[in-house]
Amino acid sequence: MTKIEQAYALAKEQYAALGVDTDAAIAAADRVPLSIHCWQGDDVIGFEDFGGNLTGGIQTTGNYPGRARTPAELRADMDKALSYIPGEKKVNIHACYVESDTPVDRNEIEPCHFANWANWAAEKGIGLDFNGTFFSHPKSEKATLSSADEEIRSFWVEHGKRVREISAYFAEKTGKPCVNNLWIPDGDKEFPVDTYGPRLRLKKSLDEIQEKPFDREKVVDCVESKVFGIGSESYVVGNHEFYMGYALSRDDVLVTFDTGHFHPTEMVSNKLSAILLYKEKVLLHVSRPVRWDSDHVVTFDDELRAIMNELVRMDALDRVYLALDYFDASINRVVAWGVGARNTRKAILNALLQPVDYLKKMEAEGDTSGRLAVAEELKSMPFGAVWDYYCAKAGVPVGLDWLEDARAYERDVLSKR
Ligand code: RNT
Ligand code: ZN
């Protein structure tokens with residue numbers, strides 16, 4: 001028996017004493033698809049011809065060497081990062097990751113411009129998710145789907161329509177559903193006099209984009225709200241109430257909760273049992289806000305664990321689409337992927353190691369002291385031994401072994417860029 005197996009055998013016994021089956025937890029954690037965002041690898045720049053400046057009130061900070069500059073580099077870096085992450089994976093890309101020999105504007109994109117991504121994913125047997133890019137473009141400076149300028153508005157509506165066609169193509173090519181998330185930066189630095197008009201236009205634009213029906217098993221449309229952004233501090237057209245109302249009034253549209261898109265004390269973990277009463281599924285953008293929507297690398301913090309605890313307690317792991325959304329340009333980007341994605345999978349496994357029935361029983365019987373004591377004891381159970389065993393079983397590096405590999409990749413590949 002290896003040391004990892006020995007430690008696991010002891011941990012397994014301890015969890016069994018609480019009624020938790022560690023083998024079943026590992027199997028369940030492994031099955032949950034986790035969508036890995038490509039944009040950590042190149043600071044959300046993409047492969048278009050116009051500028052490559054990140055706008056829309058989202059920002060990367062730092063200038064760590066080794067950023068991926070081409071599709072080939074980005075996919076190679078992702079291959080590296082994916083090799084560190086156990087479990088079922090998807091890759092999440094944005095429309096600005098288009099590939100073409102001649103310039104293609106956002107209202108001209110077609111499936112053929114994303115064929116390399118589709119072939120790459122299909123070869124690995126993993127799914128692809130997609131996002132319209134409604135920022136970092138000369139026509140997005142003032143507003144996009146909520147614009148009062150009809151030419152601008154219809155430009156972005158066309159973009160949204162094409163994004164759905166490409167999503168359907170991804171689903172076809174990979175054989176897995178494609179989650180299509182829509183986020184727009186529209187808003188105002190100061191509080192506008194007319195707050196209703198832009199929302200009316202956004203609603204109309206979304207309806208136009210959604211007009212064509214797609215198989216719900218293939219294209220999963222989601223809309224993402226935000227409380228404020230840089231440059232839209234006072235007013236955001238697509239706020240929480242807007243998209244919540246939109247999604248609740250349409251059968252085929254889901255809401256996206258980004259963990260950085262609410263007031264700092266407002267927790268996404270506390271919203272899940274509400275939204276799941278009304279919608280079959282929900283998309284989560286797992287991020288880490290530090291004082292604002294800063295998109296720091298996801299750590300194994302209280303909120304990440306609370307989100308996964310909630311999903312497990314509701315038996316709702318199959319009712320959530322989990323996607324990562326952070327972009328740190330100040331550290332090794334492959335390490336950033338590894339840390340955030342491994343932490344997210346870790347938190348899923350950790351949540352599955354709770355004695356949910358036992359906790360619920362104590363709660364139902366009014367034994368709130370027992371509930372507290374057991375929940376606290378769980379925090380020092382030998383979770384690490386179960387995680388290590390899972391990684392070994394899944395064929396990904398155990399412990400910090402992956403960090404050494406990432407350092408070697410930095411030495412041999414990234415530092416030469
Ligand atoms: C922005 C949103 C959005 C983006 C990505 C790049 O605040 O969170 O999801 O981060 O689409
Ligand atoms: Zn997001």
Side-chain angles (χ1 to χ4, degrees), residues 34-48 52-61 68 74 78 90-98 106 128-137 140 144-145 156 159-160 163 166-167 178-187 220-233 235-240 242-243 247 254-264 266 268 271 282-298 303-304 307 320-329 333 336-337 340-341 344:
L34 177 60
S35 193
I36 317 292
H37 57 317
C38 79
W39 51 92
Q40 167 57 56
D42 76 329
D43 311 342
V44 211
I45 290 175
F47 306 127
E48 292 166 319
N53 272 341
L54 179 57
T55 73
I58 54 176
Q59 286 180 8
T60 56
T61 51
L74 185 56
M78 288 203 90
K90 298 178 88 182
V91 165
N92 204 2
I93 67 172
H94 245 278
C96 61
Y97 291 84
V98 59
R106 301 266 172 90
L128 280 177
D129 293 325
F130 202 36
N131 302 260
T133 311
F134 295 87
F135 50 86
S136 306
H137 187 280
S140 69
T144 64
L145 295 176
W156 290 110
H159 178 60
V163 163
I166 295 161
S167 301
C178 175
V179 177
N180 163 35
N181 181 56
L182 182 145
W183 171 77
I184 61 164
D186 301 24
V220 183
D221 291 300
C222 306
V223 285
E224 179 181 11
S225 70
K226 186 156 171 164
V227 66
F228 86 97
I230 304 296
S232 61
E233 289 85 350
Y235 171 72
V236 169
V237 183
N239 64 353
H240 177 58
F242 176 90
Y243 284 125
L254 303 179
V255 287
T256 304
F257 290 152
D258 182 307
T259 51
H261 286 199
F262 297 90
H263 283 285
E266 200 182 339
V268 164
K271 299 178 184 300
V282 62
L283 168 61
L284 294 191
H285 269 191
V286 182
S287 193
R288 181 165 56 103
V290 177
R291 305 191 190 282
W292 72 292
D293 180 31
S294 61
D295 292 296
H296 277 62
V297 176
V298 168
E303 173 61 355
L304 182 67
I307 286 172
V320 68
Y321 296 106
L322 287 174
L324 301 176
D325 183 16
Y326 57 81
F327 22 100
D328 190 336
R333 295 169 184 81
W337 265 317
T344 307

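All ligand and atom numbering here is 1-based and tracks the order in the structure.
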Look at the aromatic rings of W183 and H261 and report parallel, tilted or perpendicular, splitting at 30° and 60°.
tilted
Is any N, O or S atom of H285 under 2.8 Å away from the Zn ion (ligand 2)?
yes
Side chain of S136, backbone of N53: donor and acceptor closer than 3.5 Å?
yes
Are the side chain of E266 and the backbone of P264 linked by a donor-acceptor contact shorter than 3.5 Å?
no
Counting N and O atoms only, with roles assigned by atom type, does the side chain of D186 sit under 3.5 Å from a partner on the main chain of T144, one being a donor and the other an acceptor?
yes
Any heavy atom of H37 closer to ligand 1 than 4.0 angstrom?
no
How far is atom 7 (O) of ligand 1 from its nearest protein heavy atom, and which residue and atom name does that atom have?
K226 NZ, 2.7 Å
Can you find a pair of side-chain heavy atoms, one from E224 and one from D325, that are under 4.5 Å apart?
yes
Ligand-side contact atoms (ligand 1) for residue partner I58, heavy atom cut-off under 4.0 Å:
1 (C), 7 (O)
Counting C-beta onward and ignoring hydrogens, is there a side-chain heavy-atom pair between H37 and H285 closer than 4.5 Å?
no
N or O contact, N181 vs ligand 1, cut-off under 3.5 Å:
no
By number and element, which atoms of ligand 1 are closer than 4.0 Å to a non-hydrogen atom of H261?
1 (C), 2 (C), 7 (O), 8 (O)
Closest heavy-atom approach to atom 4 (C) of ligand 1 among D295, D325, T256 is made by D325
Under 3.5 Å: N/O of E224 near N/O of ligand 1
yes
Centroid separation under 6.0 Å, is that true for the rings of W292 and F228?
no
Paired with H94, the ring-ring contact (aromatic ring centres under 6.0 Å, His included) test is passed by just one of F134, F130, F135, F47, namely F135
Would you say H240's side chain and V227's backbone share a donor-acceptor pair under 3.5 angstrom?
no
Under 3.5 Å, N or O to N or O, is W39 touching ligand 1 that way?
no
Subset of ligand 1 atoms that lie under 4.0 Å from at least one heavy atom of F327
10 (O)
Which of the numbered atoms in ligand 1 are under 4.0 angstrom from any heavy atom belonging to D258?
8 (O)
For residues A95 and H159, report the shortest heavy-atom separation together with the two atoms involved.
CB-CE1, 3.4 Å
Polar contacts were defined as any N/O atom of the residue lying under 3.5 Å from an N/O atom of the ligand; does this apply to N131 and ligand 1?
no
Report the nearest protein non-hydrogen atom to atom 11 (O) of ligand 1: residue, atom name, distance rounded to 0.1 Å.
H94 NE2, 2.7 Å
Salt-bridge criterion met for D43 and R333 (N-O under 4.0 Å)
yes
Taking only heavy atoms of H285, which atoms of ligand 1 are found under 4.0 Å from at least one of them?
9 (O)
What angle sits at the Zn ion (ligand 2) between OD2 of D258 and OE2 of E224, to 10°?
90°
At a 4.0 Å threshold, what atoms of ligand 1 neighbour a non-hydrogen atom of D293?
7 (O)
Specify which N/O/S atom of D325 comes nearest to the Zn ion (ligand 2), by atom name.
OD2
